[in-house]
Each structure stands twice: as C-alpha cells, then as structure tokens.
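Below: the structure, in structure tokens.
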Amino acid sequence: MGNKKLTTGLLALSLLVASSMALAKTVFIASDVHPADYPTTAAVIHMGEKLSAQTDGRLAIKMFPNGQMGDEGATIEKARAGAIDILRVSMAPVGGILPEVSVFNMPFVFRDLDHLHHVLDGQVGEQLGQKVTDSNLGLVFLGWMDAGSRSLITKKPVNNLDDLKGVKIRLQNNPIGLDSFKAMGANPVVIPVGDVFASLQTGVIDAAENNEPTFDTENYVVAGTKYFDMTEHFMIPEVFTFSKKKWNKLSAEDQALILKLAKEAQAEERVLWAQYVEKSTKKLQGQGVEFIKVDKKPFIDATAPVREKYGKQFSVLMQQIQETK
Ligand code: BDP
C-alpha cells in the first residue's frame, strides 16, 4: 500500500471513530414497580425524553416498569451495585435500610397532604435528601415524588380498632410500619408488592394498605378486597435516586442537567398524582369499592407508643415537621 493510500485510510478510520464517538449514546437504566402510565413512571419516562432532546440524543433513559427489575428491595440492591442507574422507590424500604431517614415512615406524622408537601419542599425534605446522598447507600438523591396517603384495603369493613384485630395485613419492609400495625392490633406480614395480589386471592393475607392508585393498578378488587377504610395512617413519599457508581463518572454539566430535569419531574409527578388519584377513585367506586370515612382518633392514639419509641432518634426532625406551617 502506498503512503498516500495509507494516510487516506487512516484519515477515514479516524473520521469514523470520531463520528461514532459523537454519536456514542449513554442509556440510563431506570426501574419502577409501577406500570408505565403510573405518575412516578410516567414522570421519569418524560424526563428521559427531555434529557435526550437536550443532549441531542447523547443521553437517554430506558424505563423498565412493572417491577421487571425485581421488587423494591432487590432494585435498591441493584442500584447500589450499579446495575440500575435511576431508581424510584418508596421511602419505606429505603428507611428499612437507612433508619435515620425513616422519619417519613412514622404513623400519623403529617396533618394532611399540604403539610407533607411543605415539609418535602422545605428544609426537612432537603436535609433528608442530602442524608440519602451522603450515606453509604450508594444512591444520589434526585427528588421526592408523591404517593398520597395510605389507608386500609380490606375484604371486610374496618370502622374501628376492633375490626382490625388479628387481621392479617401485608406491610412494606420497614420495622416502623410493622410496629404500627402491631400497635393497632393487626397481624402484619412483610410481602413484596408484586406478590400481594396472589396473597390476597389465596387468603394468605386478609388485607393490604396503600393509596388509591396502587389499589387500582394492582387490581386488588379482583383479589377480593372491597373496602377502602380511610385511616390515612401513613404518608410515605416516593424517592427517586441515581446510582452513585454511574453518577460519579458523569461530567458536572450532565449532573447539573439531570438534577434540573429531576426537579421538573418531581413537579410534574405531583400534578399527575392528583389526576391519577381522582381517576383511580372513580374506577374503584365503579367496581363497587366502598370508601369508609373512619374516625382516626383511636388509630392515632393506638400508635402513640410507636411515635414515642422511634421518634426519639429524630426528635429534632419531628419537631421541625410539626412546626412546618
Ligand atoms: C406504592 C409505592 C411503591 C411501593 C408500594 C408497596 O408507590 O413504591 O412498592 O406502594 O406497598 O404506593 O410496596
């Protein structure tokens, strides 16, 4: 081969390498237990579209919805290991691993959703987000998402503590949750959300507890539950995070862009959430679910020892939460 040919060949090769580098695309793997149209999932999918648009396709997000990547406990481990890049989970299992951020798992700690929003949008929300990032969890906090409030999902109506006595109820993997239900006289058991339907249907459990959208999308009516007993005992926010392993390899500009889009996703999810609660409520009512307005006082009183026991470790945070608006 003549020298000229060689040079041309090398030039062509280097052009090829350069152009493929310009096209090199990083696809972040995202995971959620919910279906693609659920508010949390939809907001992250939309975030991915914006990320691609704003980086000319250089960065993208591929969402694996419906728990395809495993239950929440498993996906937390995968995100820590770097096998999942973007993870949206409930604070319940996160608090199970990192007790110092478990204050949001306390029963009856927020007055209402507005109160929760003010807490999340204020100093406490910021501090806890920072704690997640600074901990050895291996996750970078991107934002909070709404999950409303959790009430009882039962086969028989629950109006008071007596009705809850001995009821086998599924809980998320968090000791505060378990203790709360023991204090209310129920018989709680930890089961991954993906197994709740079958457990209800086969009678392994009598009840679940969750918000209206999950009641709806997980089809608990078909599994035999007919009542939504509105104790609103927990208001556990969702958290979305980025795997630290991958995060530390990103440029400062890309990190800043992701954080900015995450803030937008947080705001968008809040709007989608309110709409979805309305839609699910109507659908559940159409399926014959009875929404029972429960007198919360006995439930609040019964769980006082739990707030007492766990509240000590975050007494400052509890104080700040109570003083918020
Ligand atoms: C839903 C949360 C989801 C949890 C689920 C559960 O959005 O992250 O996995 O509850 O109860 O409300 O496990």
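Using a 30° and 60° split on the angle between ring planes, Phe104 and Trp144 fall in the perpendicular class, above 60°. A tilted orientation is assigned to the rings of Tyr276 and Tyr38, their planes being inclined by 30° to 60°. The aromatic rings of Phe215 and Phe228 lie tilted to each other, with the angle between the two planes from 30° to 60°.
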Met106 and Ile321: side-chain contact (heavy atoms from CB on, under 4.5 Å), yes or no, with the steps? CA-CA 12 Å; Met106 299 280 274; Ile321 291 174; over 6 Å; no
Met235 and Val119: side-chain contact (heavy atoms from CB on, under 4.5 Å), yes or no, with the steps? CA-CA 12 Å; Met235 291 189 186; Val119 169; over 6 Å; no
What do the steps show when you test Val204 against Lys168 for side-chain contact (heavy atoms from CB on, under 4.5 Å), and what is the final call? CA-CA 8 Å; Val204 168; Lys168 277 182 280 166; over 6 Å; no
Where do Ile61 and Val27 land on the side-chain contact (heavy atoms from CB on, under 4.5 Å) test, with the steps shown first? CA-CA 5 Å; Ile61 294 176; Val27 181; over 6 Å; no
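In this structure, the side chains of His233 and Ser180 stay at 4.5 Å or more apart for every pair of heavy atoms. For the pair Tyr227 and Val158, the minimum side-chain heavy-atom distance is 4.5 Å or more. Residues Arg150 and Asn210 form a side-chain contact, since some pair of their non-hydrogen atoms from C-beta on lies under 4.5 Å apart. Two residues are said to be in side-chain contact when any heavy atoms from C-beta on lie closer than 4.5 Å; Thr41 and Arg88 fail this criterion. Side chains of Pro39 and Asp146 form no contact here, defined as non-hydrogen atoms less than 4.5 Å apart. Between Gln266 and Lys263, some side-chain heavy-atom pair lies under the 4.5 Å cut-off. Inter-residue side-chain proximity for Val277 and Asn211 is flagged as unmet; no heavy-atom pair is nearer than 4.5 Å. Residues Ile97 and Leu137 have side chains in contact (heavy-atom distance under 4.5 Å, counting atoms from C-beta outward).
With hydrophobic clusters built from ILVMFWY side chains whose heavy atoms lie under 4.5 angstrom apart, Met145 does not share a cluster with Leu116. In the hydrophobic clustering of this structure, Phe242 does not group with Phe141; members are Ile, Leu, Val, Met, Phe, Trp, Tyr whose side-chain heavy atoms approach within less than 4.5 Å, directly or through other members. Taken together through direct or relayed side-chain contacts under 4.5 Å among Ile, Leu, Val, Met, Phe, Trp and Tyr, Ile45 and Leu59 form part of one hydrophobic cluster. Hydrophobic clustering keeps Val94 apart from Ile191 (ILVMFWY residues linked when any side-chain heavy atoms are closer than 4.5 Å, directly or through intermediates). Cluster annotation: Val44 and Val33 are assigned to distinct hydrophobic clusters (Ile/Leu/Val/Met/Phe/Trp/Tyr, side-chain heavy-atom contacts under 4.5 Å, transitive).
Of the possible polar contacts, one joining the Arg307 side chain to the Pro107 backbone as a donor-acceptor pair under 3.5 Å is found. Side-chain atoms of Gln255 come within 3.5 Å of backbone N or O of Trp247 as a donor-acceptor pair. Formation of a donor-acceptor pair under 3.5 Å by the Thr303 side chain with backbone atoms of Val306 is not found in this model. Under a 3.5 Å cut-off, the side chain of Asn105 and the backbone N or O of Met91 do form a donor-acceptor pair. Within the 3.5 Å criterion, the main-chain N or O of Gln320 finds a donor-acceptor partner in the side chain of Thr324.
Summarising the geometry of Asn66 relative to Pro35, their closest heavy-atom pair is OD1-CA, 3.1 Å, with the distance given to 0.1 Å. Between His115 and Arg111, the shortest heavy-atom distance links the atoms ND1-N, 2.9 Å. Of all non-hydrogen atoms in Lys244 and Leu139, the two that sit nearest each other are CE-O, 4.0 Å. Residues Ser243 and Gly82 share a closest heavy-atom pair of OG-CA, 3.5 Å. Closest approach of Trp273 to Ala147, counting heavy atoms only: CZ2-C, 3.2 Å. Taking every heavy atom of both residues into account, Thr75 and Gly70 meet most closely at CG2-O, 3.5 Å.
When each of Ile153, Thr231, Leu171 is checked for a side-chain contact (heavy atoms from CB on, under 4.5 Å) with Glu209, only Leu171 meets the rule.
With no hydrogens or angles considered, no side-chain donor-acceptor pair links Thr214 and Tyr220 at under 3.5 Å. No side-chain donor from either of Glu72 and Ser90 sits under 3.5 Å from a side-chain acceptor of the other. In the model, Asp179 has a side-chain atom that pairs as donor or acceptor with a side-chain atom of Tyr310 under 3.5 Å.
Salt bridge Asp206/Lys155: absent, no basic N to carboxylate O contact under 4.0 Å. At a threshold of 4.0 Å, the pair Asp114-Lys325 does not count as salt-bridged, since none of the basic side-chain nitrogens sits closer than that to a carboxylate oxygen. Classification of Lys131 and Glu100 as a salt-bridged pair fails, no side-chain N sitting under 4.0 Å from a carboxylate O.
We find the OG-CD1 distance between Ser199 and Ile169 to be 12.5 Å, quoted to the nearest 0.5 Å. The structure places CD1 of Ile300 at 10.5 Å from CE of Met184, a figure rounded to the nearest 0.5 Å. Atom CG of Leu87 is separated from atom CZ of Phe28 by 15.0 Å, given to the nearest 0.5 angstrom. Atom-to-atom distance recorded for Lys282:NZ and Glu212:CD is 13.0 Å, nearest 0.5 angstrom. The line from CZ of Phe240 to CD1 of Ile86 is 8.0 Å long, rounded to the nearest 0.5 Å. Note that CD of Glu268 and CG of Leu261 are 10.5 Å apart. Values are rounded to the nearest 0.5 Å.
Residues satisfying the salt bridge (charged side-chain N to carboxylate O under 4.0 Å, His left out) criterion with Asp229, sequence neighbours excluded, are absent altogether. Taking the salt bridge (charged side-chain N to carboxylate O under 4.0 Å, His left out) definition, one finds that Lys165 meets it with nothing, sequence neighbours left out.
Geometrically, Lys62 engages Phe64 in a cation-pi contact defined by less than 6.0 Å to the ring centre and at most 45° from the axis.
Environment of CD in Gln285: crowded, with over 12 heavy atoms of neighbouring residues, nucleotides or ligands closer than 6.0 Å.
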